[in-house]
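Comments concern the structure below.
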Amino acid sequence: MLDIQLLRTDLDQVEARLATRGFKFDAGRFRAMEEERKHIQVRTQTLQSERNQASKAIGQAKAKGEDTHVQMQEVARINETLAADEASLNDIQARLEAFLLDFPNLPHASVPVGKSESDNVEVRRFGTPRTFDFEVKDHVALGEGLGLLDFETASKLSGARFSILKGDLSRLHRALSQFMLDTHTRDHGYTEMYVPYMVNAETLRGTGQLPKFEADLFSVPRGDQGKHYLIPTAEVPLTNVVRDVILQEADLPMRLTAHTPCFRSEAGSYGKDVRGLIRQHQFDKVELVQIVHPQHSYAALEELTGHAEKILQLLGLPYRVIVLCTGDMGAGSSKTYDIEVWLPAQNTFREISSCSNCEAFQARRMQARFRNEKNKPELVHTLNGSGVAVGRAMVAVLENYQNADGTVSVPAVLQPYMGGVTVIGRQPA
RNA sequence: GGAGAGAUGGCCGAGUGGUCGAAGGCACUCCCCUGCUAAGGGAGCAUGCGGUCAAAAACUGCAUCGAGGGUUCGAAUCCCUCUCUCUCCGCCA
């Protein structure tokens, strides 16, 4: 959600900056709604004021035992027009809010302008892709070859885009998330959180998934009314921890992390990544969230991105960091770095983490604030990033650490989490 | 699932139809006093959204006492619905 004050004072700038993201902002419509709002609001509040004064006078008159019939009729007359005014005020305010909730965030000045992912800019690389003296297998061939990855049974249970891991592969998956959590809590100053996997609509509105992206979510009906949504990322529950909270400045920065499953309907991705574990309805992720002072949010973005990178460095996985262009960023973000890990079977880099500074976009929706130097409530800035996607990390480990015989070596940092297992081989069923 | 109690400002807590955005306390900020270890005195101190205004400050209006609706000239206070919290019973990992 954007600052409505900014819209009122600098509409042209907002329009121009949103245009760089391919968002067509109907300024004329906004102006018209604002004018209508102002007109109705002033009129309504004037009437309310009159009513309040008159009612107060009635109370005072009654206390003195005076007759108040005339005054009561007067207020009744005010109320006749007031009811309609209040209704139209509610209506225009709801329409304005819906209009504003639809807006994406303004991109930061340092974000390259572009239309699609082809305009994203690489900022750095780590590691050198390994050269193989045998034909590389992709993670599906590896996993299924070892008898540890089973899409067929998963589809019997749940349909497409689900998977079953077995034995040491399942353990590798667990080892990865444990390793990530330990690293972030021990070395990067994050507090581990266990959070709900089902949340209400207000929570999703806070982080920006609703109302616009409902189609991407799974939901479950809740008895008499309403529903719960399955979280598409732990960003949602972690960030909403501070919804409707006024923090002390000393509380900042807050660094939170959680390992959760994530559920995405993947509507609109038909035909994309149908093979393998890359795009599933259910996947695990260790998420990083920071709640920070507005002055420090860009430093925090660099830091948070570094925390995610550290995981890949320790795992010895080659990657690159790219900055998303204006046209490719998520709606809530002002600036996003994607980290892409090297997948030898695809001979390409694939996204494994996305780290964003949302500035006050989510904070404004959530009314997440802190008391600043002047003791005034001020919106915090929120950041989030994958630290990192567990399933995709496992894919990367499988492919990058595969051996000629179809077994997979376990990266050194994971071996303690694997009970000393150094090579994942074929296991008896 | 059954029965009961409750939800008020950053926190605690008073307030059952009118001058209540709300006593008192704690915390916090400023000032005064005081050489000392939870000392005393005074003042200030909710949030959101408007209007005057380019903006800040200032002034001012409206809304908000869990949420929504209703009764009333007037609702924190009365009525209805819902949500949440707590206690007891049942069930359960």
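- A gap of 12 Å separates the P atoms of B:G44 and B:A23, to the nearest Å.
- Rounded to an integer number of Å, the gap from CZ of A:R8 to C1' of B:G51 is 11 Å.
- Nucleotides B:A56 and B:A43 have their P atoms positioned 31 Å apart, rounded to a whole Å.
- Close to B:C84, at under 4.0 Å from its OP1 or OP2, lies no side-chain N or O of A:N200.
- Residue A:P211 comes nearest to A:R365 through the heavy atom pair CD-NH1, 4.4 Å, listed as atom of the first residue, atom of the second, then distance.
- Using a 4.0 Å heavy-atom criterion, one finds that A:Q71 contacts no nucleic acid atom at all.
- Side-chain proximity of A:Q45 to B:C49, B:U47, B:G74: nearest is B:C49.
- Across B:A76 and B:U19, the matching P atoms stand 9 Å from one another, rounded to whole Å.
- Taking atom P on both B:G24 and B:G42, the two are 12 Å apart, rounded to the nearest angstrom.
- Taking atom CD of A:Q5 as the reference point, atom P of B:A54 lies 14 Å away to the nearest angstrom.
- Distance, A:E35 CD to B:G51 P: 12 Å, rounded to whole Å.
- Looking at the side chain of A:N52, the nearest of the listed nucleotides B:A63, B:C73, B:G48 is B:A63.
- Under the Watson-Crick and G-U wobble criteria, each requiring two contacts below 3.5 Å, nucleotide B:A38 is left unpaired.
- Aromatic ring centres of A:F103 and A:F23: separated by under 6.0 Å.
- When the nucleotides B:C62, B:G74, B:U47 are ranked by their closest atom to the side chain of A:P377, B:U47 comes out on top.
- B:U8 and B:A22: their C1' atoms are spaced 8 Å apart (whole Å).
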Pair A:H281-A:F263, ring pair (Phe, Tyr, Trp, His ring centres under 6.0 Å): steps then yes or no
CA-CA 5 Å; A:H281 286 313; A:F263 303 94; 9.9 Å; no
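- Taking atom CD on A:E249 and atom P on B:U29, their separation rounds to 13 Å, with Å as the unit.
- Note that the NE2 atom of A:H108 and the CZ atom of A:R17 stand 8.5 Å from one another [nearest 0.5 Å].
- Dashed line: the shortest gap from a side-chain N or O of A:T68 to OP1 or OP2 of B:C73 is not under 4.0 Å.
- Judged by Watson-Crick or G-U wobble contacts below 3.5 Å, the nucleotide B:C33 has no partner.
- Under the 3.5 Å distance criterion, the side-chain polar atoms of A:R37 are left unmatched by any main-chain donor or acceptor of A:A32.
- Across B:G51, B:U19, B:G18, the shortest atom-to-atom separation from the side chain of A:R37 is found for B:G51.
- Backbone-only engagement by A:I4 is indicated by non-hydrogen atom pairs under 4.0 Å involving sugar-phosphate atoms exclusively.
- Nucleotide B:G1 forms a pair with B:C89, judged by Watson-Crick or G-U wobble geometry with both contacts under 3.5 Å.
- Put simply, NZ on A:K376 is 8 Å from P on B:A58, counting in whole angstrom units.
- For the pair A:R51 and B:C62, the criterion of a side-chain N or O lying under 4.0 Å from OP1 or OP2 is not met.
- Relative orientation of the A:H184 and A:Y190 rings is perpendicular, given thresholds of 30° and 60° on the angle between their planes.
- Contact annotation for A:K38: backbone-only contact, meaning every heavy-atom pair under 4.0 Å involves sugar-phosphate atoms and none involves a base.
- In terms of phosphate contacts, A:R371 brings a side-chain nitrogen or oxygen within less than 4.0 Å of OP1 or OP2 of B:U47.
- Pairing of B:C11, defined by two Watson-Crick or G-U wobble distances under 3.5 Å, is identified with B:G25.
- Pairing for B:G18 is with B:C73, a Watson-Crick or G-U wobble pair whose two hydrogen-bonding atom distances lie under 3.5 Å.
- If you take atom P in B:C32 and the same atom in B:U85, they sit 49 Å apart, rounded to whole Å.
- Nearer the 5' end of RNA chain B, as judged by each residue's closest nucleotide, is the contact made by A:E34, out of A:E34 and A:V75.
- Nearest to the side chain of A:R369, among B:C73, B:U47, B:A55, sits B:U47.
- Using atom C1' as the reference point in both B:G21 and B:G40, the two lie 30 Å apart (nearest Å).
- For A:E202 and B:C84, the CD to C1' distance is 12 Å, given to the nearest whole Å.
- Using P as the reference atom, B:G6 and B:A63 are 29 Å apart when rounded to the nearest Å.
- A salt bridge is absent between A:R264 and A:E266: the closest approach of a Lys/Arg side-chain nitrogen to an acidic carboxylate oxygen does not fall below 4.0 angstrom.
- Remark on RNA chain B: of its neighbouring residues A:I58 and A:T9, the 5'-side contact belongs to A:T9, judged by nearest-heavy-atom nucleotide.
- Proximity of residues 81-103 of chain A to RNA chain B (heavy atom under 4.0 angstrom from any strand atom) is not detected for any residue.
- Each of A:V75, A:T44, A:T46 was compared with A:L82 under the side-chain contact (heavy atoms from CB on, under 4.5 Å) criterion, and only A:T44 meets it.
- Pair assignment for B:A63 gives B:U47, based on Watson-Crick or G-U wobble hydrogen-bonding distances that are each under 3.5 Å.
- For A:Q41 and B:U52, the CD to P distance is 11 Å, given to the nearest whole Å.
- Of the candidates B:G74, B:C49, B:U47, B:U47 carries the atom nearest the A:I246 side chain, counting heavy atoms from C-beta on.
- Ranking B:U19, B:A46, B:C62 by closeness to the A:Q48 side chain, first place goes to B:C62.
- You'll find that the side chain of A:K56 is closest to B:G21, out of B:G74, B:G21, B:G48.
- A 3.5 Å limit on both hydrogen-bonding distances identifies no Watson-Crick or G-U partner for B:C53.
- In this structure, A:K227 pairs ionically with A:E214, as a charged nitrogen and a carboxylate oxygen lie closer than 4.0 Å.
- Interatomic distance, A:N79 CG to A:R51 CZ, rounded to the nearest 0.5 Å: 6.0 Å.
- Each of A:V14, A:D102, A:L2 was checked for a side-chain contact (heavy atoms from CB on, under 4.5 Å) with A:F25, and the lone residue meeting it is A:V14.
- Rounded to an integer number of Å, the gap from CE of A:M72 to P of B:G74 is 9 Å.
- Using a 4.0 Å heavy-atom criterion, one finds that A:Q367 contacts the sugar-phosphate atoms exclusively.
- The partner of B:C84, taking Watson-Crick or G-U wobble pairs whose two distances both stay under 3.5 Å, is B:G6.
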